[in-house]
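Note that this is a predicted model, so its numbers are computed, not measured.
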Amino acid sequence: MVTILDFSESQQIKSKIRHNEYYDMTEVLDKLYQDSCNNKQFNNLMNLITSDKNILLAYRNIKKNTGSNTSGTDNRTIKDIEKLSQDKYIYYVKKKFQNYIPKLVRRIEIPKPNGKLRPLGIPTIWDRIIQQCILQILEPICEAKFHERSNGFRPNRSVEHALTQCYRMMQQQQLHYVIDIDIKSFFDNVNHNKLLKQIWTFGIRDKKLLKIIKTILKTPIQMPDGTIIESDKGTPQSGILSPLLSNIVLNELDWWISSQWENFPIKNKYSCGINDKGVLIKSNQYRALRRSHLKEMYMVRYADDFKIFCKNYNDAKKIFIATKLWLKDRLKLDISLEKSKITNLRNNYSEFLGFKMKVIPKQNNYVVKSSMSDKSKERVINELKHIIVKLEKVKHKKDEYKYVHLYNSTVWGIHNYYQYATDINEDCNKISYIINNILKIRLGKRLSKYGKIENGYIKRRYGKSAQIRYIYNRVLYPIGYIKTKHPMYKNKLINKYTKEGRVLMRKELEMNTTIMHKLANDINEFESIEYMDNRISKYTSQYGKCAVLKIVLEYDDINCHHKVPKYLGGTDKYDNLIILHKDIHKLIHAKDKNTISYYVEKFDLNKNQIEKVNSLRKQAGLQPI
């Protein structure tokens with residue numbers, strides 16, 4: 001399932017890279033990736049999986065997931081874990097690994113756009129942490145083995161990359177016949193024995209780990225009515241490990257299709273160039289393959305959605321049958337004949353990831369024409385209409401802000417996801433006509449054409465639009481104001497698990513990573529895991545500087561202050577913490593006049609710094625200095 005908020009993927013990847021650095025796991029993961037590239041076998045991964053750093057990193061990565069507040073069959077969420085001390089948290093995870101028996105998976109069903117229900121399996125929060133510990137170690141190993149045109153549920157991959165690969169096949173390669181194959185309930189029908197063999201071929205040969213993965217796969221499921229069913233096949237959607245495992249299953253298909261054309265062995269060796277994005281240029285080899293009359297084909301995949309592009313209908317028909325038989329024989333998977341088909345892109349649209357695409361003649365060539373799929377348009381209109389109805393009924397300012405923010409974030413998500421369609425401006429103008437009428441009918445005089453946009457980025461993005469409207473002096477983003485953006489190929493050199501790849505993704509953190517690692521390794525049995533983890537976040541977000549003095553702090557000078565003290569109801573949440581110089585921390589809590597004067601004079605605090613100190617003293621229930 002693809003969400004319109006997919007645009008935030010790159011930001012999430014950058015956050016996870018930073019998390020790896022917090023807990024000094026970067027070198028470990030880099031080595032796993034490199035060893036996997038060199039086809040090394042991994043016989044003792046459990047030591048890495050159960051290391052203190054990896055367990056702490058799992059908490060960091062999982063706590064920000066929206067699903068961490070969803071309970072499993074034990075009715076626990078991340079809030080039950082964040083109260084534990086760091087020592088106790090690590091102890092509990094290690095103890096679970098010693099003889100791991102997962103609890104029942106809770107089955108829930110959510111509505112799909114077509115009106116049917118999508119089954120999701122929700123493991124308990126502790127089981128999700130166990131799976132996260134495993135995922136962190138397996139991912140770099142698997143990334144080294146995955147195909148370049150597998151785009152879903154992988155770091156540094158997105159819908160944009162899948163679309164640009166499709167556009168290239170259609171426009172530059174002139175492959176105008178596409179095979180769409182729909183695997184029947186893929187996530188529910190993965191063969192466990194086959195999957196475990198595939199994991200083995202990846203070089204993952206730690207038998208204790210394989211036993212744990214098998215146990216996870218076979219965890220019984222508690223249905224909505226309370227009945228319990230055994231799991232003899234499938235990987236539960238919503239499980240932390242499920243996306244990686246599904247990519248392992250279909251990786252064999254990626255390479256099989258690739259072996260039929262682009263990686264077909266040839267007698268003569270042809271020279272290959274490499275472009276500035278690290279992509280191998282195999283033009284000479286492909287010309288030789290075309291002379292051999294092989295069936296030219298390329299596959300583009302996003303999770304279990306995939307397309308195979310071909311030159312002509314006869315080739316497509318043969319490849320369709322071969323792929324159907326291969327899926328059944330090799331992966332024990334059936335296809336839906338009703339949903340699987342061959343499309344001539346010169347005559348008809350083909351749908352993929354919420355888009356529909358075809359080719360149209362232009363001069364002496366064919367070019368891509370793409371837009372939102374009809375189902376996507378309908379879903380977007382219904383979603384925005386639902387928010388407007390809620391906005392119409394608001395009675396309190398808090399709810400007013402909530403629904404204006406929800407409306408704007410939805411519009412923003414739609415624009416960022418669908419901007420890669422060539423006809424997105426036309427699509428959004430049609431949606432805008434309907435939505436603007438609904439706004440007028442539902443909100444009437446509360447709508448205004450006049451107002452002020454405070455946010456600079458929003459002003460640059462939407463400020464010139466005549467469609468912009470305001471409600472309660474808050475801007476409503478114009479759904480019809482959007483430009484097409486050309487989807488870009490992923491730079492092959494970008495890689496979460498190489499130093500060079502990370503440099504291309506973002507600048508190195510501007511701080512002393514040695515201090516950051518010391519903070520991560522601190523043990524304090526009196527503080528919660530939530531506090532210890534958020535303290536590192538605050539240190540990095542402040543670039544290692546004191547919030548009052550604005551100077552870079554040495555390790556021994558770092559204090560983490562609760563803005564609202566715990567005895568006044570304060571929490572260990574990120575927003576309630578701030579990094580200070582230890583003496584400024586003393587000044588904030590000081591009541592003795594001599595002590596206050598000493599620290600003010602010691603740092604020669606200016607007006608702005610004193611105001612900051614007084615702001616923190618006020619939150620702590622103390623008089624200003």
Would you say the side chain of [Y] lies within less than 4.5 Å of the side chain of [X], judging by non-hydrogen atoms?
X	Y	answer
Thr77	Asp80	yes
Ile388	Tyr407	yes
Ile579	Arg535	yes
Ile248	Cys142	yes
Ile529	Ser85	no
Glu139	Arg154	no
Thr124	Asp74	yes
Leu439	Arg469	no

[X] atom [atom1], neighbour heavy-atom count above 12 within 6.0 Å:
X	atom1	answer
Lys88	NZ	no
Lys545	NZ	no
Tyr100	OH	yes
Lys208	NZ	yes
Tyr555	OH	yes
Lys145	NZ	yes
His589	NE2	yes
Tyr470	OH	yes

Taking the six-membered ring for Trp and the full ring for Phe, Tyr or His, determine whether the centres of His161 and Tyr302 are under 6.0 Å apart.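 Between Tyr302 and His161, which both carry aromatic rings, the centre distance is not below 6.0 Å.
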
Ring centres under 6.0 angstrom apart (His585, His581):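 No, they do not, as the ring centres are separated by 6.0 Å or more.
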
Side chains of [Y] and [X]: any donor to acceptor distance under 3.5 Å?
X	Y	value
Thr595	Asp592	yes
Tyr59	Glu530	yes
Tyr420	Glu160	yes
Gln131	Asp127	no
Arg60	Ser537	yes
Asn576	Lys566	no

Any salt bridge between [X] and [Y], counting N to O under 4.0 Å?
X	Y	value
Asp30	Lys496	no
Lys602	Asp583	yes
Arg474	Glu400	yes
Asp556	Lys582	no
Lys573	Glu82	yes

Under 3.5 Å, side chain of [X] to main-chain N/O of [Y], donor-acceptor pair present?
X	Y	result
Arg106	Pro123	no
Gln136	Asn54	yes
His561	Leu580	no
Asn38	Gln34	yes
Ser615	Glu611	no
Thr73	Leu104	yes
Arg157	Lys490	no
Ser36	Ile141	yes
Gln542	Tyr539	no
Asn247	Gly152	yes

What is the ring orientation for [X] with [Y], classed by angle as parallel under 30°, tilted 30 to 60°, or perpendicular over 60°?
X	Y	answer
Phe603	Tyr599	parallel
Tyr462	Tyr477	parallel
Trp126	Tyr92	perpendicular

How far does [atom1] of [X] sit from [atom2] of [Y], to the nearest 0.5 angstrom?
X	Y	atom1	atom2	value
Ile584	Ile578	CD1	CD1	11.0 Å
Cys133	Leu48	SG	CG	11.5 Å
Leu391	Leu406	CG	CG	9.5 Å
Leu56	Ile90	CG	CD1	4.0 Å
Leu45	Leu210	CG	CG	9.0 Å

Lys538 to Tyr574 six-membered ring, cation-pi geometry met (6.0 Å, 45°):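 Yes.
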
